[in-house]
Amino acid sequence: MADTHAHSVAFVRKDVIPESPPPARQTGVPKWLRENLFSSWANTALTIAAAWAIYMVLSSFLPWILNGVWDASSLSQCREILAGKTGACFAVLTERWHQLLFGFTYPSELYWRPVLAFIIMLVAFAPVLFFDLPRQMLVVTVLFPFIAFYLIWGGPLLTPIIAFLGCVAGYLVFSHYGKANFATGFFGGIAAAFIVWSIGGLLVDLVRPEEPWMTPVPSRDLGGFMLNMMLGVTCVSLSVPLGIVLALGRQSDMPLIKAVCVIFIEFIRGVPLITLLFVASVMLAYFFPPESTVDLFLRVVIMITMFSSAYIAEVIRGGLAALPKGQYEAADSLGLDYPQAMRLIILPQALKISIPGIVNVAVGLFKDTTLVSVISMFDLIGMIRGPILASTEWSGVYWELFGFAALLFFVVCYGISQYSQWLERRLATDHR
Amino acid sequence: MAEAQKLEISDEIAIDIRNMNKWFGSFHVLRDIDLQVRRGERIVIAGPSGSGKSTMIRCINALEEHQQGSIEVDGTLLSSDLKNIDKIRSEVGMVFQHFNLFPHLTILENCTLAPIWVRKIPKKDAEATAMHFLEKVKIPEQANKYPGQLSGGQQQRVAIARSLCMRPRIMLFDEPTSALDPEMIKEVLDTMVSLAEEGMTMLCVTHEMGFARQVANRVIFMDAGQIVEQNEPEEFFNNPQNERTKLFLSQILGH
Ligand SMILES: Nc1ncnc2c1ncn2[C@@H]1O[C@H](COP(=O)(O)OP(=O)(O)OP(=O)(O)O)[C@@H](O)[C@H]1O
Ligand SMILES: [Mg+2]
């Protein structure tokens, strides 16, 4: 081969030609245009068609936005102001702003409470999401659920305190006995928490003050985008740990645990979320003792959490399966026990692999919180479809309202997606 | 060889394997393994592929479960009792063919993880120990890099340092050099030689016969799940008794 090649080459240049500048048509904007938009007849045709389509969309859409009316008290007033021109009636957003955000029954003088809870949430999540921040900030994270509960629902101050003490008691029992025997610690911890909660529950009833500092707000008064945020945040934060537990359980050597996890995951994944929500709204009451009326919000949280944790469990199982067996063996051979090996070696790597999948589920879950509108909870979509579109002033204002809802959800979901990409880059240490 | 003689071997038994049998399903991998390793001994295990070498040393720290017979390590009987298993694992270091470093942790964190969590050593002390052993394997300057940034030979030396940080009394090596390029093999073997010179009890599965001659005081030949022959390296290489050993040696030394 080498021979024939050498013979077939007739001429070989010995010296290098000096560089010459590129022709003018080969640089800058004209070059880019020619290469990307007009490189062939087909390409040119497509470019022109696309430009025409963009023009058509913008020419009807831009006036609609730019002529938008922001100040009116009803759709008919909007139309008067527009006087035949095309234009949006954004006045519905300004006029019903509070209803869109908080629902229509949350007492308006208490709006500051969910807003404050939202601000504290940002502080509480920061150290979890951005782990370079000082670890002391985690104190806020730990206290946040109780503070937020107190702010949003109000009622006697003792309730969140008892709830917190119950968690502390459970944690103490677990960390004390869990080292020797995981099961003892786990169930002991749960028992301790329940003991504290039931004693505390009696206490709360006994010392119930005439006038609590924070006016209680029942769950059915929650609504608007606030309800979507509350459901989304609560369910995502609960379903990631539950999903991890389910994924590990599915890998377990113990047949009973494994069977429970497999059945749970497969059952939940095989059922539409909307069915589970109807179960939550009408049937779940049968499973709880008849005298206790479990809050609808709590029932919905349980259902959405179960639903998304089953999906997250499968995503994490994929991450676990992707790890080489050698990682388990190295952890074992160093004498790490099962919880240590999982926490320090296996899960950090498996979760890193699973980030895109988990984010996918989280984004889906957040959007699925709008499904609660079909069981007559007034979340953002519930508010739009119910009280706002049904009112005499605003019936018929579809584009503006649903466009606004889409925009709100898009902003949050896009933020989540951007965060996950940052996280993946930040965690990339394998340098492959 | 001269060095091998210099080193002292006590009479204390470090590993005592008696009549051990193991099956993978219906496949009988290890048959009637009897092996006593004294403290300070350096044993090289050789044999054709699939003969059960890896399986045997993996039984010693319970990465594989044996079904019959007994294994005692430092006087602790290896049973299904998790406490005993964890105790033995923290006394026995293991180095794998594919290094198995933790890619999400730095070199230093790889080395300090087990001492901190298993031995409960304060972080500062663990880091000092880790730096000591990283210096010993001659890569202290890589301490803050990630495993993916190191060459194969460097990674394997980190793996050795990581095991040493647990201050094990016994080290197991499963073909530590067979995933490496020739020029990296030497740096890893040098590390192992210096370890042997310090009197570490070592069991080493390897095809590096030069290493066996230099360091081992016993070579064990396995075939089809059995220990077929064992002898001092001199005798083993110059005067093999068993037919299968002869065949193996002619193949491995023939070229
Ligand atoms: N997990 C397993 N399940 C079933 N069979 C196995 C398993 N691990 C190993 N074996 C079989 O057991 C036999 C011994 O394997 P082992 O890995 O101990 O061989 P080896 O002597 O280390 O070989 P090599 O030199 O190729 O590493 C082989 O036939 C292998 O196919
Ligand atoms: Mg092997």
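Just so you know, these numbers come straight off a predicted model, no measurement behind them. The chains referred to below are lettered A, B, ... by the order of the sequence lines, with proteins before strands, and numbering in each begins at 1.
Using a 4.5 Å cut-off between heavy atoms, B/His98 does not touch chain A at all. Heavy atoms closer than 4.5 Å to chain B are found in the side chain of A/Gln340, but not in its backbone. Heavy-atom distances place both the backbone and the side chain of B/Phe102 under 4.5 Å from chain A.
When the candidates B/Ala62, B/Ala114, B/Pro115 are compared by the number of heavy-atom contacts under 4.5 Å with chain A, B/Ala114 comes out ahead. Among B/Arg58, B/Gln97, B/Met94, the residue with the largest count of heavy-atom pairs under 4.5 Å with chain A is B/Arg58. Per-residue counts of heavy-atom pairs under 4.5 Å with chain A were compared for B/Leu113, B/Val92, B/Leu82; the largest is that of B/Leu113.
A salt bridge is defined here as a Lys NZ or Arg NE, NH1 or NH2 lying under 4.0 Å from an Asp or Glu carboxylate O, and B/Lys138 with B/Asp190 fails to meet this definition. Using a cutoff of 4.0 Å between basic side-chain nitrogens and carboxylate oxygens, B/Arg39 and B/Asp74 are scored as salt-bridged. A salt bridge links A/Arg250 and A/Glu314; the closest N-O separation between the charged side-chain nitrogens and carboxylate oxygens is under 4.0 Å. With salt bridges taken as basic N to acidic carboxylate O contacts below 4.0 Å, none links B/Lys124 and B/Glu127.
Close placement of the A/Tyr419 and A/Phe130 rings is indicated, their centers lying within 6.0 Å of each other.
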